[in-house]
2 protein chains.
Amino acid sequence: MQIAPHSHAGGHPPATRRLRPALFQGLTTPEMRLVRRVFTEDLYDDAEAVPRDPARAPFVGLLLDGCLREDAVLQGGERLFALTFPGETLSPLGPRRRRGRLSAIGAVQLLTCDRDGFERIAQEVPRLRLNLLGLVQEHLTEAQRWQVLLGRKSASERVASMLNWFHARQGAPAELHLPVTRTELGQMAGLTMETVSRQVRALEKAGVIDLPLPSRVRVIDPGALHSLSGDAQPQRLH
Amino acid sequence: MQIAPHSHAGGHPPATRRLRPALFQGLTTPEMRLVRRVFTEDLYDDAEAVPRDPARAPFVGLLLDGCLREDAVLQGGERLFALTFPGETLSPLGPRRRRGRLSAIGAVQLLTCDRDGFERIAQEVPRLRLNLLGLVQEHLTEAQRWQVLLGRKSASERVASMLNWFHARQGAPAELHLPVTRTELGQMAGLTMETVSRQVRALEKAGVIDLPLPSRVRVIDPGALHSLSGDAQPQRLH
DNA sequence: CGATAGTTTGACTTCTATCAAGGCATGTGG
DNA sequence: CCACATGCCTTGATAGAAGTCAAACTATCG
């Protein structure tokens, strides 16, 4: 892959600070201090793999900077399955997902905690357990959103949805960063590279987005993007 | 709907007893006794709804008999989203899924526990918390399996996969029970009713299954069903 | 200034949705 | 007990959307 590495220089500002990452929601300041002592900051270079074996994989993780990609291995081929953007979390892995590969896109800064550390801290901050459950549920919700996309949407709706989601998840910056190839966008959306390209281009021609580079998307009309995504309420006709 | 109610009379035997439902895995006999005291058995009639509001919804549930259907509400229409078969579990709901509807297909027997009860018992049997997490992860795995189906499979593979999964999940009985219409199978697989019908018929003509009734499927060649599902290892050609 | 990896565009094919008609069970009323 | 109404399933003809194949284009890097 030859995608330009993620960089803040001259680009969008770091995603608008979220209230509080879901994992740490509802914690008091002294509790946060305790928690900080258990979590460690890991750094990864572009394309470096995050460990997935039970011994070394992070039990939970909070992505501070950069992007992560998850590739699923299925009958021979690898396919891009999911992207993680700053502010989002890694939840503990089920048995199936351990087969896949998780790797950095650009320079990645990850706040992680192992299982024992989590158990220890959860004794003192029981709220953490609840948050962890909510986290996994959120991933489930996300998966079901993709299910709707893949099951019922047309190619143009899929592409609009995907851009719209990524835009929102990156904190609605002026310029959205697509850190993967058209082929990989297609793998996530269940489309071919050519169809993705055609639909992205169509959005550009419609004036909804601008494409200074294939991987840089300036969102001109977020409202149109949303209504083209098929998630909007069906328009009343009068 | 006019589907014949679920019945064991003259049908397949109750699903081969699983080792132990995932929720109770690794519990000792005395622990199981404690647990049994906290869980209650709820009965539902055909088409009856399982409560979903936070106050009355089961926090976790284990389906003992019958089937459950989960319908998602999205921009106007309702669509069948998922089926639950005996031995499978209901996990606590994320915010999004509360919008949907969960209802009984046939006579349903459900072993449930509310949130407070779960918290209490989890103090004494910490393993339960781990199992709960595993449960939600299993649902996530399942959702991702559907993502692959919807994203990359052809109509014939989708139908073969679906039948194959349902067959396995019902405990591989001689005669598999499809408790929903072709339209609803289509909603789950991202296909139209007509396409589902054609593909099911094609499997019948190929001798892989037999269809004494549209909702009764006798699986003649489980191996073929699996290889037609597209999940099988790609065949070596020599 | 190539060379490489990715993207775009076009022509053509294939697959599945759509529209429409008929078929088969099940349940109801005469 | 039979006719018929209903709901679902099946089958066929057709059109449209997306996949495939192939060629040209563009950015980036050495």
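No hydrogens, no waters, no symmetry mates; every other heavy atom, side chains included, goes into these values. Numbers restart at 1 for each chain; the letters A, B, ... are given by sequence-line order, proteins then strands.
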Integer-rounded Å distance: D/dC9 P and B/Ile209 CD1 | 14 Å
Give a yes or no on whether a salt bridge exists between A/Arg69 and A/Glu184, defined as a side-chain N under 4.0 angstrom from a carboxylate O.
-> yes
Atom-pair distance (CG on A/Leu185; P on C/dG6), nearest Å = 13 Å
Pairing of A/Glu70 and A/Arg79 as salt bridge, 4.0 angstrom limit | no
Provide, to the nearest angstrom, the distance between the CG atom belonging to B/Leu80 and the P atom belonging to D/dC8.
-> 14 Å
Inter-residue atom distance B/Thr84.OG1 - B/Glu88.CD, 0.5 Å rounding = 6.0 Å
Assign the ring pair A/Trp146 / A/Trp165 to parallel, tilted or perpendicular, where the plane angle (0 to 90°) is split at 30° and 60°.
-> perpendicular
Gap between atoms CZ and C1', on B/Arg158 and C/dT16 respectively (whole Å) = 10 Å
Write down the distance between CD (A/Gln199) and P (D/dA18), rounded to a whole number of angstrom.
-> 6 Å
B/Leu178 CG to D/dT10 P, straight-line distance once rounded to whole Å = 11 Å
CG of B/Leu150 versus C1' of C/dC15: gap in Å, rounded?
-> 16 Å
When all nucleic acid strands are considered with a 4.0 Å heavy-atom cut-off, which category describes A/Gly186: base, sugar-phosphate, or nothing?
-> nothing
Output yes when a side-chain donor or acceptor of A/His226 lies under 3.5 Å from a complementary backbone atom of A/Asn164, and no otherwise.
-> no
Could you go through nucleotides 8-12 of chain C and list every protein N or O atom that sits under 3.5 Å from one of its N or O atoms, giving the distance for each pair?
residue	atom	partner	partner atom	Å
C/dT8	OP2	A/Arg182	NE	2.9
C/dT8	OP2	A/Ser197	OG	2.9
C/dT8	O5'	A/Ser197	OG	3.2
C/dT8	O3'	A/Arg201	NH1	3.1
C/dT9	OP1	A/Arg201	NH1	2.5
C/dT9	OP2	A/Arg201	NH1	3.1
C/dG10	N7	A/Arg198	NH1	3.0

Note: for A/Leu213 and A/Leu191 on DNA chain D, the residue whose nearest nucleotide lies more 5' is A/Leu191
Spacing of A/Leu62 atom CG and A/Gln109 atom CD [to the nearest 0.5 Å] = 10.0 Å
Calculate the interatomic distance between A/Glu157 atom CD and C/dA17 atom P; express it in whole Å.
-> 14 Å
